[in-house]
Amino acid sequence: MKVYNTLSRSKEEFVPLTPGEVRMYVCGVTPYDFSHIGHARSAIAFDVIRRYLRFKGFRVTFVKNYTDVDDRIIRRANERGVEAREVSEQYIAEDQKDMASLGIVPPDVAPKATEHIPEMLRLIEALVAGGFAYVVDGDVYFEVRRFPAYGKLSGKNLEELLAGARVEVDERKRDPRDFALWKGAKPGEPAWASPWGPGRPGWHIECSAMAMKYLGESFDVHGGGEDLIFPHHECEIAQAEAVTRRTFARYWLYNGFVNMGAEKMSKSLGNTLNIRDLVQRHDPEALRLFLIGTHYRSPVEFTDEGVRERARALERLRRMPLEAARLGASGAGGPDGGLPATLATARAAFAVAMDDDFNTPQALGVLFDLSRTLYAYADLVGRGERAVQPFVEGVSVLVALANALGLLERTPAGAEGPADVRARVGTLVRERDQARKRRDFTRGDALRAEIDRLGWSVEDTPSGPRIAPKTGG
RNA sequence: GGCGGCGUAGCCAAGUGGUAAGGCGCGGGUCUGCAAAACCCGUAUUUCGUGAGUUCGAUUCUCACCGCCGCCUCCA
């Protein structure tokens, strides 16, 4: 299996530190607002990576943090006249709901920065003791010059960084490139006691401290959105490796951004694409299919039409298990038409695609190829020309592969609707069936229209009507 | 200015030094009371942004150019 490692800017053979086991850390959100489409993409990208590693048989330890102390949280809290903690706790809860709605497997550990102050203090103390950090009026800064490897992840050198006009000059820092490990308390800000007086941690130190706490000084995968490469992860590496002198994370994986095109995410009017709104108007699995239809490292342009298009494609896959249930009961025998061999080929092709830096678009191509093969086979089963058992097995293969991508895991939430509607649909379907038997098609079509209005579709098959809640679109 | 990426059919999107997966859409057909779903056939061979080069051969490598985008201490 190969993965693209940003550290080396190349695809590398993936070899975990401990055979059969993968330890990974992904940067989570700063909870000061609802999570948005960009967070969804990152979450889904790493969810797929995690699921596939599991599918391959690795034992995966997955850590995703919450940065629950931050300028934006404090600002939001001040606006509302509440404690910062109240803001962060609220949006952590909202994020967890959103992640669940997207079918994200919860992390094994979801550490919060504020609950790891002692770990951070210990790390900062070690950096100060080692001569990598210095104290100025209650602030502690990392001295970038003392860590020559600074820049190795982002491909920057120290001179270029100095040339960058956007570096804010702070006279108290020995070098403009130095960054804060600890910020002395200002009035109205949350603060913790430290050897340098009350204050709060800098942005980067939490991830170094928490990753090492839960995954060890050296672990396999560190990921996040590509914007985190610099400065965040560059600083994490400096903080950790200066102290441990060991490789912090070995493979650095980044997802690309979601672009909004003309409809830029404007905070002004209603088109902020937060996950809460998105799953209102789209099937979450269609959204997932849309996002993984582009390779995780490439930018993707979000459009509602694009998601609706994927919803239609998703239907092809969703019908597969229904077809298996319908035909499976027949127990029909016959030749297998070489289907078992095709299934093995599909499995292998899926693995080839995913083993190549998680090439989900290619893997999806394999799934759709397989579904067409299976439907064609199903037609022959319907005509009594093929055995049904290989088909049922084929569908279970398809579902297993789809599950490795987080697809076909569940029906859309609430798609079945309220029980009374369900009962009403059932009645109408029976009435329609009887009308059709009388060849009263006018009545039958009217009933179908009514069923349609209730949000269900009815299709006639040789073995009777098949009903399903309408999804997608 | 520095670093990096992208430009493939109507739309989305993989991919390979030897002549282009898949999805959506569209056209034709089979099936159906009609549909729907499914299946079959077709849908980039003056071609993979433009020009030049390397090569027996390039969409795939090199260079230039055009267009678009990301990062350079808010940011998934």
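First the proteins, then the strands, lettered A, B, ... as listed; each starts at 1. Source: prediction; values computed, not measured.
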Is the aromatic ring centre of A:Phe368 closer than 5.5 Å to the centre of the six-membered base ring of B:G23, with the two planes inclined by less than 30°?
no

I'd like to check the ring pair (Phe, Tyr, Trp, His ring centres under 6.0 Å) partners of A:Phe257; sequence neighbours left out, ordered by chain and number.
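Ring pair (Phe, Tyr, Trp, His ring centres under 6.0 Å) check on A:Phe257 returns nothing, list empty.
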
With ring centroids as reference points, do [X] and [Y] lie under 6.0 angstrom apart?
X: A:Phe302; Y: A:Phe290; result: yes
X: A:Tyr141; Y: A:Phe179; result: no
X: A:Phe248; Y: A:Phe219; result: yes

Should the ring pair A:His232 and A:His204 be called parallel, tilted or perpendicular, given that the plane angle runs from 0 to 90° and is split at 30 and 60?
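Correct class here is tilted.
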
Do A:Arg76 and A:Gln90 have side-chain N/O donor and acceptor atoms under 3.5 Å apart?
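Distance-only check fails for A:Arg76 and A:Gln90.
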
A:Arg177 NZ/CZ over A:Tyr150 ring centroid, <6.0 Å and within 45° of normal:
no

Does A:Asn255 reach a base, just sugar-phosphate, or nothing at all? Heavy atoms under 4.0 Å.
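Touches a base.
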
Which one is paired to B:A9, where only Watson-Crick or G-U wobble pairs with both distances under 3.5 angstrom count?
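Partner of B:A9: none found under 3.5 Å.
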
With sequence neighbours left out, write down each residue that passes salt bridge (charged side-chain N to carboxylate O under 4.0 Å, His left out) with A:Asp336, or none if nothing qualifies.
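Here no residue qualifies.
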
Where do N or O atoms of nucleotides 38-43 of chain B meet protein N or O atoms at under 3.5 Å, pair by pair?
| unit_1 | atom_1 | unit_2 | atom_2 | d |
| --- | --- | --- | --- | --- |
| B:A38 | O2' | A:Asp379 | OD1 | 3.4 |
| B:C39 | OP1 | A:Arg316 | NH2 | 3.4 |
| B:C39 | O4' | A:Asp379 | OD2 | 3.1 |

RNA chain B contacts made by residues 342-361 of chain A, counting heavy atoms under 4.0 Å
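Result for residues 342-361 of chain A: A:Asn359, A:Pro361, sorted by number.
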
Nucleotide by nucleotide, nucleotides 25-33 of chain B touches protein heavy atoms under 4.0 Å in the pattern (B base, S sugar-phosphate only, - none) S-------B

Holding to side-chain contact (heavy atoms from CB on, under 4.5 Å), I want the full list of residues that pass it with A:Val352, two or more places apart in sequence or in another chain.
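side-chain contact (heavy atoms from CB on, under 4.5 Å) check on A:Val352 returns nothing, list empty.
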
